[in-house]
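Report on the following structure.
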Protein chains: 2
Amino acid sequence: MQPTLNDVAREAGVSSITVSRYFNSPDSVREATRVKVEAAIEKVGYVRNMIAGSLASASSRVIPVIVPSLSNVVFIDVIKGLQDEFEAHGYQLLLGKTDYDLARETQLIRTFLGWSAAGLVVTGLRHDDATRQILENWNQPIVEIMELGEGLDLNVGMDHVAAGRAMTEHLLARGYRTIHFAGAELDRDYRAAMRYAGHREALAAAGIEDAPLLDLPVRQQMTSGAQALERIKATFPDCDAIHFANDDMACGAILAAARLGVRIPDDIAIAGFNGLPIGEHVTPRLTTIVSPREQIGRMAARKLLARINGEPVGELSHDLGFTLRVGGST
Amino acid sequence: MQPTLNDVAREAGVSSITVSRYFNSPDSVREATRVKVEAAIEKVGYVRNMIAGSLASASSRVIPVIVPSLSNVVFIDVIKGLQDEFEAHGYQLLLGKTDYDLARETQLIRTFLGWSAAGLVVTGLRHDDATRQILENWNQPIVEIMELGEGLDLNVGMDHVAAGRAMTEHLLARGYRTIHFAGAELDRDYRAAMRYAGHREALAAAGIEDAPLLDLPVRQQMTSGAQALERIKATFPDCDAIHFANDDMACGAILAAARLGVRIPDDIAIAGFNGLPIGEHVTPRLTTIVSPREQIGRMAARKLLARINGEPVGELSHDLGFTLRVGGST
DNA sequence: CTGAAAGCGCTAACAA
DNA sequence: TTGTTAGCGCTTTCAG
């Protein structure tokens, strides 16, 4: 059996609550006592039982993080940011994945709340009624990440419509006129669909007709990108630019172009979204929008921790912005 | 306040232990009772309190997973495999990251054991004495992943020395004779160093002299790869092949080659390790070794769950193998 | 198949 | 600053 607080207390010649205080509010323990307690902990090899503590205090240092997918680097980067901050502050990250299924999200949240979580990080602003109801009745802090808008509580992300608009404005400024948007399963990846909406806004503002959308089934993203390029070359010979939903597809297209003898950007310009490292390594360099992925994670964690600790959190909704990185591909 | 088991029991007109049984061993509850309990749960909106359950039973459905880094796709894929299996069986994944620091590993493990974890997944076979001592005294199942050897308990991975050997044998069979190995911080990434050892074994077996190792500081992996190519071209004009520690570096080199006017494989052959999708999209396609990353995660989870449930686990050490994928780059 | 009693290891609330 | 008392919500054990 693992030693308990009582074992430590007995060894140190104090009461168990004093040992508890040593851990939870060290300042309220006298120096001399602290030394005795420390020695006793060392001697008996005590390890805190988080479960018992959480039950007694009705709160745990666990924070569930719910993402739709782990196959997308974007969420990996966000998790990295969250994990770094949580770990630094003694909180544990409990990982849940929905596979873009809102019912699954509800189920996960229900389970996680049974962990007396200190807070919750969830992807996106779109939820089931069931989820919404559960979370509205839950009185711990929540951060919804990735996009911006009316949220349940805190909200950290970027404006995807604006990002889509910014890229297409850039393409228009460069003189491209027949710009196709290409994505993969936009109904599921609705943030990409928001960027497409921004794309259309930019075209409308410039009085230019929208070229047909290319919405491919997801296979491997780079493969979809290569396929999109081929298909557009074959079907829409007038196309002079492709605005891809993400960098993977865009780079897939750039790499395929070399094989197909398509010159970029002379024959066709290519734009992406995310600012992944690979975009800097293809020739020509990819024009893309750098999304603040890891930053979103960090900021979300900081706000959540601030709220947990009763500190001021600033704005409820935090826009982390984005930057256009122009490469040779446009 | 959340409703408790007692609230459900009162509502259903049974005792709380019956409700507990409804959850934990449904077969031991009569049909009629089950119906009443179900209705009561629904009515009061009961959510199981995992914390209380874990305290009473001294076990939780939490499984800590400790990885060195989240910046490496390899671990992401492994986590994906683990997460899928755990989630399917009602276990929660608690994520810890060591940054390649064994002391940090010890600390994480200590904390996690305080969660009455049902098992543990940890990366690698190299640990602190402190870690080793804690884990040897812990009587829950443990899986050490990625590499193969004498482990604490279960072990799932692949043979990195053999992988390095296989690749260099391939290069030798292709007629390359001055083969440099290039990695990034091999002291930290000791599994890459094992592949380097395999590389040297293959050279020694062929009676060929080892060319100098290129061990670069990690920046961005693809950048390191590009840099390695430049440096080798400048310093070792006789080099006819580079065996890279991973695909990121290898692809960085292939992409840089196009810019530098280096012909692959005519001027220099390039080989990688991992079998990432990008290797299939560069020109020429990358010759690499496909590592069973997600499979390692899945198998590790399955073995752990089997052990937890008292089922047979088969071999303690499970070699998932690897396959050589030959592209045009060699 | 169902129940009563006891207690998991810790912390909140109050007291000294 | 330290201690006492009484649970947190569940499961274990033993009884029926």
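In what follows, chains carry the letters A, B, and so on, assigned in the order in which the sequence lines appear, proteins first and then strands, with residues in each chain numbered from 1.
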Near-strand residues of residues 32-54 of chain A, defined as heavy-atom separation under 4.0 angstrom from DNA chain C: Tyr46(A), Arg48(A), Asn49(A), Ala52(A), Gly53(A)
Gap between atoms CG and C1', on Asn24(B) and dC1(C) respectively (whole Å): 16 Å
Interatomic distance where CZ belongs to Arg30(B) and P belongs to dC1(C) [whole Å]: 8 Å
Leu5(A) CG to dT11(C) C1', straight-line distance once rounded to whole Å: 9 Å
Separation of Ser291(B) OG from Ile296(B) CD1 (nearest 0.5 Å): 6.5 Å
Spacing of OG belonging to Ser116(B) relative to CG belonging to Leu55(B), to within rounding of 0.5 Å: 7.5 Å
Can you tabulate the close N/O pairs, meaning under 3.5 Å, that link protein atoms to atoms of nucleotides 3-7 of chain C?
{"residue": "dG3(C)", "atom": "OP2", "partner": "Ser15(B)", "partner atom": "N", "Å": "3.1"}
{"residue": "dG3(C)", "atom": "OP2", "partner": "Ser15(B)", "partner atom": "OG", "Å": "3.2"}
{"residue": "dG3(C)", "atom": "OP2", "partner": "Thr18(B)", "partner atom": "OG1", "Å": "2.5"}
{"residue": "dG3(C)", "atom": "N7", "partner": "Arg21(B)", "partner atom": "NH1", "Å": "3.2"}
{"residue": "dG3(C)", "atom": "O6", "partner": "Arg21(B)", "partner atom": "NH2", "Å": "2.6"}

Between dC8(C) (P) and Asp7(A) (CG): distance, integer Å: 11 Å
Identified salt bridge (Lys or Arg N to Asp or Glu O under 4.0 Å) counterpart of Glu85(B) within the set Lys303(B), Arg298(B), Lys80(B): Arg298(B)
Asn6(A) side-chain N/O to dC10(C) phosphate OP1/OP2 under 4.0 Å: no
Leu135(A) CG to Glu144(A) CD distance, which is reported to the nearest 0.5 Å: 8.0 Å
Atom CZ of Arg110(A) with >12 non-hydrogen neighbours under 6.0 angstrom: no
Residue list, ring-ring contact (aromatic ring centres under 6.0 Å, His included) with Tyr46(B), at least two apart or on another chain: Phe23(B)
dT11(C) OP1/OP2 closer than 4.0 Å to side-chain N/O of Ser20(A): yes
Phe23(B) CZ - dT11(D) C1' separation (whole Å): 14 Å
Side-chain donor-acceptor pair present, Thr106(A), Thr131(A), cut-off under 3.5 Å: yes
Residues Glu38(A) and Tyr22(A): side-chain donor-acceptor under 3.5 angstrom: yes
